[in-house]
Each structure stands twice: as C-alpha cells, then as structure tokens.
Amino acid sequence: MEDEEHEVYGQEIPVDGEDVDMGAGGDDAAKELDEMKRRLKEMEEEAAALREMQAKVAKEMQGGDPNATTSEAKEEMDSRSVFVGNVDYACTPEEVQQHFNSCGTVNRVTILTDKFGQPKGFAYVEFVEAEAIQEAVKLSESELHGRQIKVAPKRTNVPGLKQPRGGRGFNPYGGHPYMRPYPPPFYNPYGGYG
C-alpha cells in the first residue's frame, strides 16, 4: 500500500511531551474545565456531608450504631415494638401512626407487603420508649379503618429455633395420628388378606 497523506485541519498533531497551544479558544476551554472541576469538588463535599448527616440521624433514631444489626440491637428494637394484625389493606403508615400517637412517640411504622407490593394485612409499630407498649396493647380490639385490630407485643425470632405449628408433632402417615393411609403390608389387592 502506498502511504497516503492525511490532511490535518487546524494545527499539527503534537509529539509526546510537547505543549499544545490552544490559541484564543484555549483560555475559554481551560476556564470551563476549571469551573467543572470546582463544581465537581463542591458536589463531592455536599455528598459527603449528606452521608454524614444521614448516619448521624440514623444513629440518633436507633440509639446506637446505624450499621449495627446485632441480635442485642434487634431485641432492643423489638422490645419497643408491637405487632398490629387485621390492618385494612387501604390503611397508610401515617394513619396507623395517628392511631397509636396517644400511646407514645412513634418512631417507625412498617406495613409488610408481598412480592407484588400488596399489603399483607398486618404492621409493626416501633415506639421511642418501651413504656408505650402497655398502652398500645390496650388498643387491641379498637377500630382502625372500620376493622377491629389485634395488638400484641412484638416477639423476637431466634434464628435456628423453629416452633412446631401445633398438634402432636410430625406424623409420617399424614392425616389422623392413629390412622394409616394405606392398608397393612400383608393385604393382597387381588385376593384380600393373606
């Protein structure tokens, strides 16, 4: 192939280590670049300050380290929380908070939802002070959104400890604990017993 000459517009391409003269337009570009760097630095400082403020608020609300999810911290949060059952599906966290404001300062209301975002019909209310639990339990059988709600202190689940669902325990035969679902092994379907 033959070496083709390429036409270069503007200035010659600089060799490595050689300074580039941007001409009259270079000053504007340099000023614009400096301004962008200054704005970027300001934004980074604001983001750092915002993260610090969020961590501080989370620490104040939890009364401890915002990243602490230890069992002690969870138990402490659960000791200040109640379970609310039979919550209307149209009920908002703000309405639940209003209902329980008479008991004490409400820190957080959590209405659980399924994987499609539909409410499951129960909620958890966390109070700032543990004394509010007794007052909240007194609101059991009260009416919220036209439904009688059930209120109970929240229990802490212990990982690895499953409670049986009732009855007499595991039954390998399925139904009634004293009945076998199949005939005895000596039964012959073609000739009866024997």
Who pairs with F83 by ring pair (Phe, Tyr, Trp, His ring centres under 6.0 Å), at least two apart in sequence or on another chain?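 Checked F83 against ring pair (Phe, Tyr, Trp, His ring centres under 6.0 Å); matches are F122, Y124.
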Do [X] and [Y] come close enough that some side-chain heavy atom pair is under 4.5 Å?
| X | Y | result |
| --- | --- | --- |
| T113 | Q118 | no |
| N107 | T105 | no |
| M36 | L40 | no |
| C103 | F127 | yes |

Taking the side chain from R80 and the backbone from E126, do they hold a donor-acceptor pair closer than 3.5 Å?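 Checking the backbone N and O of E126 against the side chain of R80, no donor-acceptor pair under 3.5 Å is found.
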How far does [atom1] of [X] sit from [atom2] of [Y], to the nearest 0.5 angstrom?
| X | Y | atom1 | atom2 | value |
| --- | --- | --- | --- | --- |
| K74 | S79 | NZ | OG | 11.5 Å |
| K120 | Y89 | NZ | OH | 11.0 Å |
| L144 | I149 | CG | CD1 | 5.0 Å |
| M43 | L50 | CE | CG | 12.5 Å |

S142 and its side-chain hydrogen bond (donor to acceptor under 3.5 Å, both in side chains) partner, picked from Q148, H99, R147: H99
Applying the side-chain hydrogen bond (donor to acceptor under 3.5 Å, both in side chains) criterion to E35, which one of K37, R38, K31 satisfies it?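 For E35, the side-chain hydrogen bond (donor to acceptor under 3.5 Å, both in side chains) check succeeds only for R38.
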List the atom of [X], the atom of [Y], and the distance in Å for their closest heavy-atom pair.
| X | Y | value |
| --- | --- | --- |
| V96 | C91 | CG2-SG, 3.8 Å |
| V106 | F100 | CG2-O, 4.0 Å |
| A132 | G104 | CB-CA, 4.1 Å |

Can you give each donor-acceptor pair under 3.5 Å made by side-chain atoms of residues 134-141, sequence neighbours left out, with the distance rounded to 0.1 Å?
unit_1	atom_1	unit_2	atom_2	d
E135	OE2	K138	NZ	3.3
S140	OG	V151	N	3.2
E141	OE2	K150	NZ	3.1

Does E52, at its CD atom, have more than 12 non-hydrogen atoms belonging to other residues, nucleotides or ligands within less than 6.0 Å?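 Open.
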Would you say M77 ends up clustered with I111 if hydrophobic residues are merged whenever their side chains have heavy atoms under 4.5 Å apart, either directly or through other cluster members?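 No, I111 and M77 fall in different hydrophobic clusters.
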Should the pair D78-K154 be classified as a salt bridge under the 4.0 Å nitrogen-to-oxygen rule?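 Here D78 pairs with K154 in a salt bridge, since their nearest N and O are under 4.0 Å apart.
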